[in-house]
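Structure record follows, encoded as structure tokens.
Lettering of chains follows the sequences in order, A, B, ..., and the numbering in each one begins at 1. Keep in mind it's a predicted model, so treat the numbers as computed, not measured.
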Protein chains: 2
Amino acid sequence: MDKIFAKHNNTKELILDAAEALLQDRGFSAFSYHHVAQQLGVKNAAIHYHFPSKADLGTALIRRYRARFRDYTRTLERENADPISKLECYFAIPASYLQNGRKICPLGILEAEFNAIPEPMQLESRLLDKEMRDWLAGVIGEGRSLGVFSFEGSAVGKVLVVAAALQGVLQITRVAGPQVFAATIEQIKRELGIF
Amino acid sequence: MDKIFAKHNNTKELILDAAEALLQDRGFSAFSYHHVAQQLGVKNAAIHYHFPSKADLGTALIRRYRARFRDYTRTLERENADPISKLECYFAIPASYLQNGRKICPLGILEAEFNAIPEPMQLESRLLDKEMRDWLAGVIGEGRSLGVFSFEGSAVGKVLVVAAALQGVLQITRVAGPQVFAATIEQIKRELGIF
DNA sequence: GTCTATAACGTGATAGAC
DNA sequence: GTCTATCACGTTATAGAC
């Protein structure tokens, strides 16, 4: 679980950490180089040295989300985790966002602002969504064929409902309070036949 | 259904129409008075005449969403619509957003940008969420007690999963294409026991 | 009610010193 | 690698003419 928020010491990673927090807190359009610089105690020119344009920063951010998710799932694979454990780990991601200051799913904000973000970020967002949803489809399909998950309909539809509900409920939390998250997770589990 | 996108002739409503489209297309931070003015063929000072500050414009926008939803549900009540019809009408709202240029749920963008929007807009967003989710809870509870809906778990959890999934899938549509919407609706219906 | 003009500010970005 | 200084631009907002 530590790996989800692993921190590093070099400046580039610290910039990404600050930008990541700002992205999931305020959105892409609403955070600036000045915000990032302030949080690190440097001037905005220092940020431009590491990431010349905001598109560069945003793209690097999404690439890091992708790499992190890939590493995370590979670790689960190496440990031969069962479908239920994998699903719990998947739920742990939004749960950690919520606990960390009511942050929302990065894909949620990127998709919501989709028509206002640079094209390279749009492309990376597509890849992040595909990779995460494909992985979840594998877990849910595997769990169903092993008999640990039970649900009606297609696996594709089920994956969409689960992924969309998690993304949506993190946002709803902002206006309705954190208790809606637990209620949603419980309902999702129930509808996967996990008691 | 016409009422969802009812148009009017006075300038104030035309401004709100343009701003509404921009909000659901680009988000609040990423649209400007200039964008609105351009779409109406006027100068931005004209917009400031009707809505002095951007917070005023945003707040009026959300108030209009609330009024529209209230009128819509009252009409359904007056027509003695059954729970299934009501649910179909509820699904018709995001469906119309999708068809109208892949717009997303206004609550989705407002919640995603929540920490970057003016406080009056935050308050109105809370009310909009509460009103919509309370209404949906009534429909789902009524349908369950009438035996037309069947599902496991609590009605509160069910409402959250349905509302969050719809909000989320409109966003996912942006990166994954419109076909994911139909698949999600189908899955949601199946899990409500509607065949 | 809409216009022109302009102010005040924040933002993304660059040049060049250290 | 970070700084100061500065630029060009978009944005919110206001004043006053029409």
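The shortest side-chain heavy-atom distance between A/Asn115 and B/Arg174 falls under the 4.5 Å cut-off. Two residues are said to be in side-chain contact when any heavy atoms from C-beta on lie closer than 4.5 Å; B/Arg78 and B/Thr75 meet this criterion. At a threshold of 4.5 Å between non-hydrogen side-chain atoms, the residues B/Tyr65 and B/Glu20 count as touching.
Under 3.5 Å, the side chains of A/Glu152 and B/Gln187 contain no donor-acceptor pair of N or O atoms. Between the side chains of A/Gln167 and A/Glu111, at least one donor N or O sits under 3.5 Å from an acceptor N or O. Remark: the A/Glu124 side chain and the A/Thr59 side chain contain no N/O donor-acceptor pair separated by less than 3.5 Å.
Backbone-only engagement by A/Phe31 is indicated by non-hydrogen atom pairs under 4.0 Å involving sugar-phosphate atoms exclusively.
As a whole-Å value, the separation of A/Phe51 CZ from C/dT14 C1' is 18 Å. Summarising the geometry, the separation between NE2 on B/His48 and C1' on D/dT14 is reported as 9 Å, rounded to the nearest angstrom. Distance, B/Leu57 CG to D/dT12 C1': 12 Å, rounded to whole Å. Here the C1' atom of nucleotide D/dG10 and the CD atom of B/Gln38 are 12 Å apart, to the nearest Å. Summarising the geometry, the separation between NZ on B/Lys54 and P on D/dG10 is reported as 15 Å, rounded to the nearest angstrom.
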Could you go over nucleotides 1-4 of chain C and give all protein N or O partners under 3.5 Å, atom names and distances?
from: C/dG1; atom 1: OP2; to: B/Tyr49; atom 2: OH; distance (Å): 2.7
from: C/dT2; atom 1: OP1; to: B/Thr11; atom 2: OG1; distance (Å): 3.3
from: C/dT2; atom 1: OP2; to: B/His50; atom 2: NE2; distance (Å): 2.7
from: C/dC3; atom 1: OP2; to: B/Lys43; atom 2: N; distance (Å): 2.6

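In the set C/dT11, D/dA13, D/dT11, C/dT11 carries the atom at the smallest distance from any side-chain atom of A/Ser32. Comparing D/dA13, C/dT11, C/dG12 by their closest approach to the side chain of A/His34 singles out C/dT11.
Proximity of residues 114-122 of chain A to DNA chain C (heavy atom under 4.0 angstrom from any strand atom) is not detected for any residue.
Screening A/Leu16, A/Leu61, A/Ile104, A/Leu57 for a side-chain contact (heavy atoms from CB on, under 4.5 Å) with A/Leu23, the sole residue that qualifies is A/Leu61.
Looking at residues two or more places apart in sequence or on another chain, you find no ring pair (Phe, Tyr, Trp, His ring centres under 6.0 Å) involving B/Phe181.
For the pair A/Glu131 (side chain) and A/Arg70 (backbone), a donor-acceptor distance under 3.5 Å is absent.
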